[in-house]
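Note: hydrogens, waters and symmetry copies are ignored here, and every other heavy atom, side chains too, is used. Read the numbers this way: they start at 1 and go in the same order the structure lists the ligands and their atoms.
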Amino acid sequence: MTKKLEGKVAIVTGANSGIGLATAKLFLQEGAKVVLTGRRQEALNEAAKELSGDFATFRADASSIQDSNALVAFTQEKFGNIDILFLNAGVAPFMPISDITEEHYNEIFDINVKGPVFTIKAAFPYLNDGAVIVSNTSVVNQKGFPGTAIYSASKAALRSVTRVLANELSEKKIRTVSVAPGPIETPIYGKLGLPQEQVQAMGESFAQQVPLGRFGTAEELAQAVLFLASPDASFINGVELEVDGGLSQV
Ligand SMILES: NC(=O)c1ccc[n+]([C@@H]2O[C@H](COP(=O)([O-])OP(=O)(O)OC[C@H]3O[C@@H](n4cnc5c(N)ncnc54)[C@H](OP(=O)(O)O)[C@@H]3O)[C@@H](O)[C@H]2O)c1
């Protein structure tokens, strides 16, 4: 059977874990050459043990413009021009508005918005005609979950960038789309900065609100990203695709 991404060059940011790692695996299975990024080299080395195919890891902090430039230069030199950018790296520390600090705000916006924006800027000259940019947003940008004001705002900003670039980058026939996960079982829930019991209660509450009654898996997300990045989605542009068991619709 023909592979869906045969010969394509892809970057997946935040790929040492969760959705990024599952997507990088699937891209490799489908014949892509993949550069996986993360901010911790040892975590990338661990992830690399699970992978086979034509891939490379590159340590890059998504909030650093310098790292984003270096990532693009590395990819271009290693594999040539780029066909798929999956801007996935992100953080989701939840915090009530009464507790937020400038540091909290800057961390979230630097990683979730500045990172993707400047990675796109760095990559643009090296994106092949017909390339695809997939940004990982979140259904939180369409909802009002308490404690997510800054996180939701960052994902709404990223969703807006997707929409604008679908028009702005049309000269090179580049498609820009977002994937908006609902609750997905990944290590991110251990990184929210909340006590374990609170994370568990929040998880149960999220699952109850999902019409399918459960969390999704990183592999289910990866399948959606593959679809969006592949020629199967050749006339899909500018949209945000919710992969959330129906959560955003109720
Ligand atoms: N899981 C969900 O329920 C859910 C729902 C909606 C949206 N999302 C979005 O999905 C994306 C992936 O999250 P996930 O659930 O797969 O969580 P995850 O397993 O924590 O993956 C996030 C990845 O991004 C990396 N990352 C974070 N900050 C970075 C930085 N400054 N530079 C480089 N890499 C960085 C993480 O590295 P470290 O291991 O070093 O932290 C990790 O590899 C995020 O953008 C998240 O907002 C997730």
Side-chain angles (χ1 to χ4, degrees), residues 11-26 35-48 50-51 57-68 70-71 85-94 103 106-119 134-143 145 148 150-159 161-162 178-194 199 202-207 209-210 214-222 224-225 240-245 247-248:
I11 292 176
V12 179
T13 67
N16 59 262
S17 173
I19 296 166
L21 179 55
T23 304
K25 268 187 206 165
L26 190 57
V35 175
L36 298 88
T37 84
R39 55 187 160 180
R40 297 176 296 125
Q41 188 59 52
E42 67 281 10
L44 284 168
N45 295 345
E46 271 309 301
E50 297 181 33
L51 303 171
T57 62
F58 189 80
R59 203 213 64 80
D61 187 327
S63 64
S64 158
I65 295 175
Q66 206 180 345
D67 284 8
S68 296
L71 163 67
L85 255 188
F86 180 35
L87 300 165
N88 166 74
V91 288
F94 290 180
E103 201 183 18
N106 286 341
E107 184 202 0
I108 295 180
F109 267 81
D110 282 357
I111 297 173
N112 293 2
V113 186
K114 190 176 89 177
V117 164
F118 281 92
T119 306
V134 183
S135 295
N136 196 341
T137 57
S138 170
V139 291
V140 296
N141 87 66
Q142 305 174 23
K143 306 288 282 186
F145 297 120
T148 69
I150 311 303
Y151 176 58
S152 296
S154 75
K155 294 301 192 179
L158 188 55
R159 193 272 172 269
V161 171
T162 302
S178 305
V179 66
I184 308 299
E185 185 123 25
T186 72
I188 208 167
Y189 289 90
K191 305 173 187 172
L192 298 178
L194 300 173
V199 172
M202 197 179 72
E204 281 163 16
S205 153
F206 279 153
Q209 292 175 63
V210 174
R214 63 171 176 89
F215 270 52
T217 65
E219 289 70 28
E220 287 175 309
L221 242 293
V225 179
E240 178 175 63
L241 175 65
E242 298 92 353
V243 183
D244 65 350
L247 175 63
S248 57

Trainee: Taking distance alone, with N or O pairs closer than 3.5 Å, would you say Thr37 contacts ligand 1?
Mentor: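 No, Thr37 has no N/O under 3.5 Å of an N/O on ligand 1.
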Trainee: Indicate yes or no: at least one non-hydrogen side-chain atom of Ile11 is less than 4.5 angstrom from one of Phe58.
Mentor: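 They are not in contact (no side-chain heavy atoms under 4.5 Å apart), so the answer is no.
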Trainee: For Ser138 and ligand 1, does the shortest N/O to N/O distance drop below 3.5 Å?
Mentor: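 No.
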Trainee: What protein heavy atom sits nearest atom 37 (O) of ligand 1, and how far away is it?
Mentor: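 So the nearest neighbour among protein heavy atoms is Asn16 OD1, 3.6 Å.
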Trainee: I'd like to check which ligand 1 atoms, numbered from 1 as shown, lie under 4.0 Å from a non-hydrogen atom of Gly18.
Mentor: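 Taking each heavy atom of Gly18 in turn, ligand 1 has 16 (O), 19 (O) under 4.0 Å.
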Trainee: Give me the nearest non-hydrogen protein atom to atom 35 (C) of ligand 1 as residue plus atom name, then the distance to 0.1 Å.
Mentor: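 In this structure, atom 35 (C) of ligand 1 has Ala89 CB, 3.8 Å as its nearest protein heavy atom.
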Trainee: Of Thr137, Ile184, Leu158, Val179, which has the heavy atom at the shortest distance from atom 7 (C) of ligand 1?
Mentor: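 Result: the heavy atom closest to atom 7 (C) of ligand 1 is in Thr137.
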Trainee: Please indicate whether Glu103 has more than 12 foreign heavy atoms, meaning atoms of other residues, nucleotides or ligands, lying under 6.0 Å from its CD.
Mentor: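 For Glu103, atom CD is not crowded (no more than 12 foreign heavy atoms under 6.0 Å).
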Trainee: So how far is it from Asn112 CG to Leu87 CG, rounded to the nearest 0.5 Å?
Mentor: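 Going from CG on Asn112 over to CG on Leu87, the span is 11.5 Å.
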Trainee: Regarding Thr162 and Ser178, is there a side-chain donor-to-acceptor distance under 3.5 Å anywhere?
Mentor: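 Per modelled atom types, Thr162 and Ser178 side chains form a pair under 3.5 Å.
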Trainee: Report yes or no: does Lys155 have a heavy atom closer than 4.0 Å to ligand 1?
Mentor: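 Lys155 counts as a contact of ligand 1 under the 4.0 Å cut-off.
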Trainee: Rounded to the nearest 0.5 Å, what separates atom OG1 in Thr119 from atom CG in Leu71?
Mentor: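 Rounded to the nearest 0.5 Å, the OG1-CG separation comes to 6.5 Å.
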Trainee: Tell me, please: is Gly216 in heavy-atom contact with ligand 1, that is, under 4.0 Å?
Mentor: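 False for this residue.
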Trainee: When you measure from atom 36 (C) of ligand 1 to every protein heavy atom, which one gives the shortest distance, and what is it?
Mentor: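 Scanning the protein heavy atoms, the shortest distance from atom 36 (C) of ligand 1 goes to Lys191 NZ, 4.1 Å.
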Trainee: Purely on distance, is any nitrogen or oxygen of Pro181 under 3.5 Å from one on ligand 1?
Mentor: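 Checking ligand 1 against Pro181, no N or O pair falls under 3.5 Å apart.
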Trainee: Can you tell me the protein heavy atom closest to atom 48 (C) of ligand 1 and the distance?
Mentor: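 Minimum-distance protein heavy atom for atom 48 (C) of ligand 1 reads Ile19 CD1, 4.0 Å.
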Trainee: Looking only at distances, please establish whether an N/O atom of ligand 1 is found under 3.5 Å from an N/O atom of Pro183.
Mentor: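 No, there is no polar N/O contact under 3.5 Å.
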Trainee: Give me the residue, atom name and distance of the protein heavy atom closest to atom 28 (N) of ligand 1.
Mentor: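 Sorting protein heavy atoms by distance from atom 28 (N) of ligand 1 puts Arg39 CZ, 3.2 Å first.
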Trainee: Taking atom CD of Gln41 as the centre, does the number of heavy atoms from other residues, nucleotides or ligands within less than 6.0 Å exceed 12?
Mentor: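 More than 12 heavy atoms, drawn from other residues, nucleotides or ligands, come within 6.0 Å of this atom.
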Trainee: Report yes if Gly14 has an N/O atom closer than 3.5 Å to an N/O atom of ligand 1; otherwise report no.
Mentor: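 By distance alone, the answer is yes.
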Trainee: Do Ser17 and Thr186 come within less than 4.5 Å of each other through their side chains, counting heavy atoms only?
Mentor: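 Sidechains of Thr186 and Ser17: no contact.
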Trainee: Among protein heavy atoms, which sits nearest to atom 4 (C) of ligand 1, and what does the distance come to when rounded to 0.1 Å?
Mentor: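 Sorting protein heavy atoms by distance from atom 4 (C) of ligand 1 puts Gly182 O, 4.0 Å first.
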Trainee: When rounded to the nearest 0.5 angstrom, what distance separates CD1 in Ile184 from OG1 in Thr217?
Mentor: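 If we round to the nearest 0.5 Å, Ile184:CD1 and Thr217:OG1 are 7.0 Å apart.
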Trainee: Output the list of atoms in ligand 1 that are nearer than 4.0 Å to some heavy atom of Asp61, sorted by atom number.
Mentor: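 In order of number, 30 (C), 31 (N), 32 (N).
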Trainee: Rounded to the nearest 0.5 Å, what separation is found between the CD1 atom of Ile19 and the CG atom of Leu221?
Mentor: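 Output value for this atom pair is 4.0 Å.
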Trainee: Ala43 near ligand 1, heavy-atom distance under 4.0 Å?
Mentor: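 Checking ligand 1 against Ala43, which is what was asked, there is no heavy-atom contact under 4.0 Å.
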Trainee: Begin with the C-alpha distance, continue with both residues' side-chain angles, and end with the deciding distance and a verdict on salt bridge (Lys or Arg N to Asp or Glu O under 4.0 Å) for Glu240 and Lys155.
Mentor: CA-CA 11 Å; Glu240 178 175 63; Lys155 294 301 192 179; over 6 Å; no
Trainee: Taking atom 42 (C) of ligand 1 as the point of reference, which of Ser17, Gly90, Ser64 owns the nearest heavy atom?
Mentor: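 Answer by nearest heavy atom: Ser17.
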Trainee: Check ring-ring contact (aromatic ring centres under 6.0 Å, His included) between Phe118 and all other residues, then give those that pass, not counting sequence neighbours.
Mentor: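 Phe118 satisfies ring-ring contact (aromatic ring centres under 6.0 Å, His included) with no other residue.
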Trainee: For ligand 1, which atoms sit closer than 4.0 Å to a heavy atom of Arg40?
Mentor: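 Heavy-atom distances to Arg40 below 4.0 Å select 38 (P), 39 (O), 40 (O).
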Trainee: Tyr189 heavy atoms, cut-off 4.0 Å: which ligand 1 atoms fall inside?
Mentor: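 Matching atoms, with element in brackets: 1 (N), 2 (C), 3 (O).
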Trainee: To the nearest 0.5 Å, how far apart are CG in Leu247 and CZ in Phe145?
Mentor: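 Separation between the atoms: 4.5 Å.
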Trainee: Should Val161 and Ser135 count as side-chain neighbours, where that means a heavy-atom distance under 4.5 Å?
Mentor: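 Side-chain contact under 4.5 Å: no.
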Trainee: Return yes when Tyr151 approaches ligand 1 closer than 4.0 angstrom through a heavy atom, no otherwise.
Mentor: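 Heavy atoms of Tyr151 do come under 4.0 Å of ligand 1.
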Trainee: Going by the order shown, which atoms of ligand 1 are within less than 4.0 Å of some heavy atom of Ala60?
Mentor: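 Atoms satisfying the 4.0 Å criterion: 32 (N), 33 (C).
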Trainee: Students should be able to answer this: which protein heavy-atom is nearest to atom 17 (O) of ligand 1, and at what distance?
Mentor: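 Going atom by atom, the protein heavy atom closest to atom 17 (O) of ligand 1 ends up being Ile188 CB, 3.2 Å.
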Trainee: Under the side-chain contact (heavy atoms from CB on, under 4.5 Å) criterion, do Arg59 and Asp67 qualify, and how do the steps go?
Mentor: CA-CA 8 Å; Arg59 203 213 64 80; Asp67 284 8; 3.3 Å; yes
Trainee: Mind checking side chain to side chain donor-acceptor pair (under 3.5 Å) for Glu242 and listing every partner two or more places apart, or none if nothing turns up?
Mentor: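 With sequence neighbours excluded, Glu242 shows a side chain to side chain donor-acceptor pair (under 3.5 Å) to Gln142, given in chain and number order.
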Trainee: How long is the straight-line distance from CG of Leu36 back to CG of Leu21, given to the nearest 0.5 Å?
Mentor: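 Between atom CG of Leu21 and atom CG of Leu36 there are 7.0 Å.
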Trainee: Where's the contact between Phe215 and ligand 1, heavy-atom distance under 4.0 Å: side chain, backbone, both or neither?
Mentor: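 For Phe215, no heavy atom sits under 4.0 Å from ligand 1.
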Trainee: Which one of Val140, Asn88, Leu192 has a non-hydrogen atom at the shortest distance from atom 44 (C) of ligand 1?
Mentor: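 Going through Val140, Asn88, Leu192 one by one, Asn88 has the nearest heavy atom to atom 44 (C) of ligand 1.
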Trainee: Look at atom 14 (P) of ligand 1 and say which protein heavy atom is nearest, naming residue and atom and giving the distance to 0.1 Å.
Mentor: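 Answer, as residue, atom name and distance: Thr186 OG1, 3.4 Å.
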Trainee: Answer yes or no: does an N/O atom from Ala62 fall short of 3.5 Å to an N/O atom of ligand 1?
Mentor: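 Yes, since at least one N or O of Ala62 sits under 3.5 Å from an N or O of ligand 1.
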Trainee: Which of the numbered atoms in ligand 1 are under 4.0 angstrom from any heavy atom belonging to Val91?
Mentor: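 Taking each heavy atom of Val91 in turn, ligand 1 has 27 (C), 28 (N) under 4.0 Å.
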